[in-house]
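Sequence lines set the chain letters: A, B, ... in the order given, protein chains first and strands last, and positions in each chain run from 1.
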There are 2 protein chains.
Amino acid sequence: MVRLADVARAAGVSTSTASRALSRPDMVAAETRERVAKAAAEMGFTLNATARALTTGHTGLVGVIVPTLANPFFPPIVTGVQESLAETGGNVLLGVSDRSEERERELAAQLGSRVDGLVLVAPVSGDATLHELAERLPVVTVDRTTPGLPGVVVDTPGGVRELMAHLLGLGHRHIAYLGGPPGSWMDRQRTRAARKAVEDGGGELTVLDPVPPQVDAGLAAAEHLVRRAERVTAVMAYSSYVLLGLLMGLRGAGLRVPEDISLAASDDLTVIGMTQPGTTALHVPLQEAGAAACRLVREAPHTGERPPRVRVPTRLVVRGSTAPPPEKR
Amino acid sequence: MVRLADVARAAGVSTSTASRALSRPDMVAAETRERVAKAAAEMGFTLNATARALTTGHTGLVGVIVPTLANPFFPPIVTGVQESLAETGGNVLLGVSDRSEERERELAAQLGSRVDGLVLVAPVSGDATLHELAERLPVVTVDRTTPGLPGVVVDTPGGVRELMAHLLGLGHRHIAYLGGPPGSWMDRQRTRAARKAVEDGGGELTVLDPVPPQVDAGLAAAEHLVRRAERVTAVMAYSSYVLLGLLMGLRGAGLRVPEDISLAASDDLTVIGMTQPGTTALHVPLQEAGAAACRLVREAPHTGERPPRVRVPTRLVVRGSTAPPPEKR
DNA sequence: CTGAAAGCGCTAACAC
DNA sequence: GTGTTAGCGCTTTCAG
């Protein structure tokens with residue numbers, strides 16, 4: 001392994017000068033700088049990030065803890081953090097909690113001493129635990145807020161309202177919400193927003209049992225809807241996968257979309273590369289949310305009363321899967 | 001920040017003893033060990049991973065560089081590495097190359113000095129570049145092999161052969177392969193295996209233009225197939241997303257699956273949570289591949305002529321989307 | 001603009 | 001079993 005000292009010797013300068021030449025080029029004479037750079041290049045030298053971190057006190061790493069990578073919702077967030085970090089040469093230290101509170105704590109503890117800050121995506125730990133963590137290092141939550149801590153949330157409630165307004169505007173009065181994942185914080189937000197929007201609009205919302213974000217779940221729900229002969233004329237699914245299942249299931253049962261029933265998703269179908277059978281959906285800028293979280297975590301320690309909050313707006317994309325209900329046609 | 005020295009003082013021992021008590025419990029008297037543990041707990045102390053890494057020479061981190069997280073193929077591999085690593089308290093340092101060779105090198109260089117080894121998933125860099133890297137630290141490739149370097153490959157060719165044998169066995173003679181992503185190493189493997197299998201079996205393989213792994217691509221291909229009135233009676237798509245698009249597109253055009261045309265995928269549909277409309281597919285143990293890569297990278301430096309290779313077998317799952325061709329019924 | 005010296009927090013011989 | 005003494009490779013005052 002070649003050390004900075006080796007490069008320094010080869011360039012005929014002290015290690016301090018070599019260090020400066022490499023890390024703070026402007027603090028060194030142009031000629032010296034070049035000599036060092038040349039020596040370093042020739043010897044295939046790279047500054048040892050670990051040693052650097054030990055002296056400077058920061059690692060250039062940001063820890064990102066996600067519940068899982070299997071749900072397509074999360075990878076874009078990680079990508080967002082990574083991209084934002086890449087601008088300054090930083091990297092993402094990843095943790096997958098599997099939605100286990102214990103694992104989440106464990107990961108946080110492990111990552112804690114090797115990162116400059118932690119981005120917790122949809123954390124399952126309690127507020128108190130998160131606060132403890134935040135005392136040791138900068139912490140930002142994504143897709144959940146905790147009193148007193150900085151956070152980034154996608155404005156899904158706002159988007160849901162917008163989506164519901166769209167459906168109501170088309171004339172729908174009996175709308176169903178197929179939500180999930182079971183027990184999630186975000187799902188409660190969505191449900192509440194949906195209910196309020198629909199009821200305020202003079203409609204009636206049927207909240208179906210929450211399901212996991214899978215095509216099969218949508219398929220099953222479609223069957224359920226058809227069998228129970230629900231009077232609903234429109235369904236909002238929380239996940240594209242679920243929507244896809246719904247679409248296939250309803251069509252399979254002989255229902256036409258949107259003639260017989262309208263369908264919409266409260267997340268982004270493009271994650272699965274589907275834009276074609278024109279599906280009305282909420283575009284959710286997950287990557288931006290990740291980038292925003294990264295920015296927050298690297299800002300000054302938010303030791304204030306009013307922690308910064310970023311609310312990332314969604315965008316309603318209206319396509320062919322929504323239309324006026326049958327009786328209105 | 002509390003340091004080990006602080007804990008040691010509180011426990012009335014030297015730092016070395018405190019260090020041992022925490023890192024190598026069996027080298028210390030039970031009573032001492034407990035005293036140190038207690039002090040550490042009370043003070044909320046955690047060993048500083050950076051300092052530790054500097055002295056021991058290893059970080060407990062493994063770098064994983066993937067082309068993207070948007071393709072559902074890759075996240076499971078990352079998860080596999082992470083899980084395998086978690087057994088020993090390690091973590092994953094993530095890099096997303098965006099399929100850019102330059103970015104890949106850059107990331108490798110950045111991560112190089114902070115990890116114990118590097119897992120390169122479907123790397124785009126040339127063999128020479130990879131070898132250079134491998135001289136500096138343990139490197140394992142996944143989903144691609146490079147002469148002289150350890151690697152993990154999913155035995156997709158084997159799986160493709162099996163899948164084709166299944167189709168041929170059903171009586172299909174005109175089979176199409178819808179592959180991609182364009183230009184990928186793995187796609188060439190698949191195409192070659194498919195062609196050989198089909199031709200050896202007395203059939204004819206139509207290789208369609210490679211497409212990105214998206215539902216829309218399948219939809220477009222379906223249209224294409226129908227319009228061109230291909231005589232094919234079975235289609236193998238390389239991606240579940242593509243298959244899904246194909247399924248929807250063909251059904252939309254009035255074709256029945258599998259009565260009129262059989263469909264199969266050379267990757268795993270369960271990634272999108274779809275098992276219901278029974279789709280014949282190759283189960284690809286991506287997570288295991290990641291875990292295997294992790295194991296390889298942590299083994300002794302493979303400075304040998306014959307680098308270890310792991311071939312992860314796929315498993316053909318036959319479901320309802322494949323049946324004998326129309327004329328055979 | 002450059003060099004010397006003092007650590008960052010921890011582990012690892014090496015004695016006792 | 002435990003303490004002492006050196007560093008790991010780098011950055012950073014502090015002088016010059």
Find the distance A/Arg35:CZ to C/dC1:P and express it as a whole number of Å.
14 Å
Of the listed C/dT11, C/dG9, D/dC10, the closest approach to the B/Leu47 side chain comes from C/dT11
Taking atom CZ as the centre, does B/Arg105 end up with more than 12 heavy-atom neighbours from other residues, nucleotides or ligands that are less than 6.0 angstrom away?
no
Assign each of B/Ala18 and B/Thr56 to its nearest nucleotide of DNA chain D by heavy atoms, then name whichever residue's nucleotide is nearer the 5' end.
B/Ala18
Rounded off to whole Å, could you give me the NE2-to-C1' distance for the B/His58 and D/dC8 pair?
13 Å
A/Val13 has its side chain closest, among D/dG9, C/dT11, C/dG3, to C/dG3
Ranking D/dC10, C/dA13, C/dG9 by distance to the side chain of A/Asn48, first place goes to D/dC10
Atom-pair distance (CD on A/Glu31; C1' on C/dC1), nearest Å:
12 Å
Is a donor from one side chain sitting under 3.5 angstrom from an acceptor on the other, for B/Ser113 and A/Asn48?
no
Short side-chain N/O contact to C/dG3 OP1/OP2 from A/Ser14, under 4.0 Å:
yes
Measure from CE on A/Met43 to P on D/dG9 and round the result to the nearest Å.
13 Å
Select one nucleotide: of D/dG9, C/dA13, D/dG7, the one nearest the side-chain heavy atoms of B/Leu54.
D/dG9
Nearest to the A/Arg24 side chain among C/dG9, D/dT12, C/dT2, which nucleotide is it?
D/dT12
Side-chain contact check for A/Ser19: nearest option of D/dT11, D/dG9, D/dG3 is D/dT11
Quick one: which of C/dG9, D/dT2, D/dC10 gets closest to the side chain of A/Arg52?
D/dC10
Has the side chain of B/Arg33 got a donor or acceptor that lies under 3.5 Å from a partner of the other kind on the base of D/dG1?
no
Could you tell me how far apart A/Leu4 (CG) and C/dA4 (P) are, to the nearest whole angstrom?
14 Å
Sort out for me which residue in B/Leu22, B/Val36, B/Asp6 forms a side-chain contact (heavy atoms from CB on, under 4.5 Å) with B/Phe45.
B/Leu22
Under 4.0 Å between a side-chain nitrogen and a carboxylate oxygen: does that hold for A/Glu42 and A/Lys38?
yes
C/dC1, OP1 or OP2 - any side-chain N/O from A/Thr32 closer than 4.0 Å?
no
Which nucleotide in D/dC10, C/dT11, D/dT2 has an atom nearest any side-chain atom of B/Arg20:
D/dT2
note: A/Leu22, atom CG; D/dT12, atom P; distance rounded to Å ~ 13 Å
A/Ser16 near the nucleic acid: base, sugar-phosphate alone, or nothing, with a heavy-atom cut-off under 4.0 Å?
base
Quick one: B/Asp6 CG to C/dC10 P, roughly how many Å, whole number?
9 Å
Between B/Met27 (CE) and C/dA12 (C1'), how many Å, whole number?
9 Å
Select base, sugar-phosphate, or nothing to describe what B/Ser23 touches, counting heavy atoms under 4.0 Å on all strands.
sugar-phosphate
More than 12 heavy atoms from other groups under 6.0 Å of CZ on A/Arg311:
no
How long is the straight-line distance from CD of A/Glu104 back to CG of A/Leu120, given to the nearest 0.5 Å?
6.0 Å
